[in-house]
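None of the values given here were measured: they were computed from a predicted structure. The basis for the numbers below is simple: all heavy atoms, side chains too, and nothing from hydrogens, waters or symmetry mates.
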Number of protein chains: 2
Amino acid sequence: MLAYMCWPTFVGMTDTGTPAPPRRSDATRTAILTAARERFAADGYERATIRAIARDAGIDPSMVMRYYGSKEGLFAAVLDVNLQLPAPEGLDPRRMGEILVGHFLDLWEENEVLTVMLRVGVTNPAGGERLRGVFRDQLVSLARHVCPDPEQAPARAALVASQILGMALTRYILRLPPTVALSREEIVAWLGPTVQRYLTAPYPAPYPR
Amino acid sequence: MLAYMCWPTFVGMTDTGTPAPPRRSDATRTAILTAARERFAADGYERATIRAIARDAGIDPSMVMRYYGSKEGLFAAVLDVNLQLPAPEGLDPRRMGEILVGHFLDLWEENEVLTVMLRVGVTNPAGGERLRGVFRDQLVSLARHVCPDPEQAPARAALVASQILGMALTRYILRLPPTVALSREEIVAWLGPTVQRYLTAPYPAPYPR
DNA sequence: GGTGTTGGCCAACAAGCGTTGACCAACGGC
DNA sequence: GCCGTTGGTCAACGCTTGTTGGCCAACACC
């Protein structure tokens with residue numbers, strides 16, 4: 001019924017050098033994880049019920065509890081991925097905006113996990129914290145390598161996040177029709193210079209009110 | 001306990017020329033509406049329970065049902081506001097980005113309703129539809145008056161929405177600390193030119209991949 | 001071939017939800 | 001001063017949720 005493409009990481013599993021041996025239940029574990037990812041992405045945390053996830057995976061709800069402990073454990077397992085931002089070294093800093101926008105579009109298209117993170121981060125405190133963590137650890141440190149004054153890195157990263165998350169919000173969550181209709185190339189052409197400016201343009205003198 | 005500052009619009013009330021006469025229960029009605037707005041803004045639709053709203057308003061949950069019919073009716077009453085975008089006539093089209101960003105910041109600061117709409121629109125289908133409607137009716141028609149080719153208005157409005165909603169998301173929903181730390185003037189100075197470009201700059205030739 | 005372990009289902013639990021209807025107290029017109 | 005109307009509380013219903021423990025079948029090992 002479902003395709004099992006990756007080995008899940010089990011909650012509470014201590015990493016003992018050798019990865020855990022394959023088990024007969026791996027297919028079920030992965031089916032649960034896949035169904036959970038889809039449900040969380042589509043419905044958010046509260047409306048994605050364990051019963052619905054189990055139904056999608058074709059097994060009993062109690063199996064979810066046995067393999068992932070609780071609904072929160074399952075959610076943590078779904079979010080257990082790290083998005084690979086490009087290392088800033090070796091990239092043309094003048095095309096950083098363009099590169100970053102393209103990379104984020106790829107991430108969003110290929111992986112439902114980011115949709116989960118954003119949709120859940122809006123209503124669920126744990127999801128929000130996770131989103132803040134990703135922002136803090138990845139985007140700020142990237143900005144620190146690119147922008148002129150490292151002290152401005154958090155503010156510049158925040159501006160970049162506002163544009164990139166805003167595009168993700170309108171395109172993948174709210175699905176505003178004109179936003180969905182934009183091609184990848186158009187988005188890169190419009191947003192790339194914006195992100196580039198947020199990263200490297202001189203800090204503007206605020207407008208007088 | 002709570003301040004009642006405005007008269008609520010009652011669900012199902014048909015507008016018969018003269019506004020409905022004041023009733024003894026108006027204070028309670030408004031208290032419910034205020035508490036509901038705060039709860040919906042803070043917790044989203046599913047986690048904001050009628051019982052919690054009633055507790056905040058200091059009355060019994062059944063009163064909420066009596067006055068607003070159902071949870072969805074209450075939610076509709078909370079969203080029953082129309083945000084007043086500036087009429088494009090008489091405004092300097094070259095400063096439109098700056099004006100628009102400032103106006104949206106004002107709207108967001110003064111009114112929790114937009115927070116409700118965004119937070120609920122992410123998980124609740126009805127909220128999402130409402131958000132799409134506001135976008136379609138207000139932002140696109142504004143873009144039509146400002147941008148060079150009216151046919152491009154939806155795409156340009158979508159880009160503007162991505163930046164403005166993204167700022168709202170990171171500042172008022174996710175509360176990324178560096179975003180919250182930005183002053184109103186900094187935000188206008190950074191985002192104003194972006195929005196201006198999305199509205200009036202010539203449509204760019206997409207980057208080759 | 002018996003036996004312990006694993007994978008899975010079933011039925012039920014307590015809690016919380018939106019919602020309902022019966023009931024009581026205070027007000028207002030005659 | 002009476003009585004219909006209004007504002008409000010209380011207790012309960014039916015349902016869904018996350019979660020639990022008992023039970024059965026299939027496998028693995030000696």
Side-chain angles (χ1 to χ4, degrees), chain A residues 1-2 4 7-8 10-13 20-33 35-36 39-40 42-78 120 123-127, chain B residues 1-2 4 7-8 10-13 20-33 35-36 39-40 42-78 120 123-127:
Chain A
M1 177 191 284
L2 288 166
Y4 318 123
W7 286 15
F10 306 138
V11 173
M13 188 179 75
R23 291 164 144 267
R24 260 191 303 145
S25 58
D26 281 352
T28 303
R29 288 182 139 97
T30 323
I32 294 175
L33 215 52
R39 279 284 176 177
F40 281 135
D43 298 336
Y45 187 82
E46 342 283 336
R47 291 162 35 103
T49 69
I50 288 202
R51 285 173 155 88
I53 292 169
R55 204 178 319 127
D56 288 358
I59 46 90
D60 189 87
S62 63
M63 300 300 293
V64 178
M65 307 303 297
R66 189 183 302 189
Y67 290 145
Y68 294 97
S70 67
K71 186 178 182 180
E72 276 207 52
L74 174 63
F75 179 64
V78 166
V120 173
T123 46
N124 187 281
Chain B
M1 177 191 282
L2 288 167
Y4 318 124
W7 286 16
F10 306 137
V11 172
M13 189 179 75
R23 293 163 143 269
R24 261 190 304 144
S25 59
D26 281 353
T28 302
R29 290 183 139 95
T30 324
I32 294 174
L33 215 52
R39 281 283 177 178
F40 280 136
D43 298 336
Y45 187 82
E46 340 283 340
R47 291 162 35 103
T49 67
I50 288 202
R51 285 171 153 91
I53 292 169
R55 204 179 318 127
D56 288 356
I59 45 91
D60 191 88
S62 63
M63 299 300 293
V64 178
M65 307 303 297
R66 173 131 45 155
Y67 290 146
Y68 294 97
S70 68
K71 186 178 183 181
E72 276 208 51
L74 174 63
F75 179 64
V78 166
V120 173
T123 46
N124 188 282

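The separation between A/Met65 atom CE and C/dG8 atom P is 17 Å, rounded to whole Å. Going from atom CE of A/Met63 over to atom P of D/dT19 covers 16 Å, rounded to whole Å. Atom C1' of nucleotide C/dT19 and atom CD1 of B/Ile53 are separated by 14 Å, given to the nearest angstrom.
When the nucleotides C/dT19, D/dG8, C/dG8 are ranked by their closest atom to the side chain of B/Ile50, C/dT19 comes out on top. Among the nucleotides C/dT19, D/dT9, D/dG8, the one closest to the side chain of B/Asp60 is D/dT9. For A/Ile59, the side-chain atoms get nearest to C/dC9 when compared with the rest of C/dA12, C/dC9, C/dT19.
One finds no side-chain N or O of B/Ser70 lying less than 4.0 angstrom from the OP1 or OP2 phosphate oxygen of C/dG18.
Classification of the A/Tyr45-A/Phe75 ring pair by plane angle, with boundaries at 30° and 60°, yields perpendicular.
Across all non-hydrogen atoms, the minimal contact from B/Ala48 to B/Lys71 is O-NZ, 3.1 Å.
On a pure distance criterion of 3.5 Å, no polar donor-acceptor pair joins the side chain of B/Arg51 and the base of C/dG16.
Mapping A/Glu72 and B/Ser62 onto DNA chain D by nearest heavy atom places B/Ser62 at the nucleotide closer to the 5' end.
The CD1 atom of B/Ile32 lies 11.0 Å from the CE atom of B/Met65; values are rounded to the nearest 0.5 Å.
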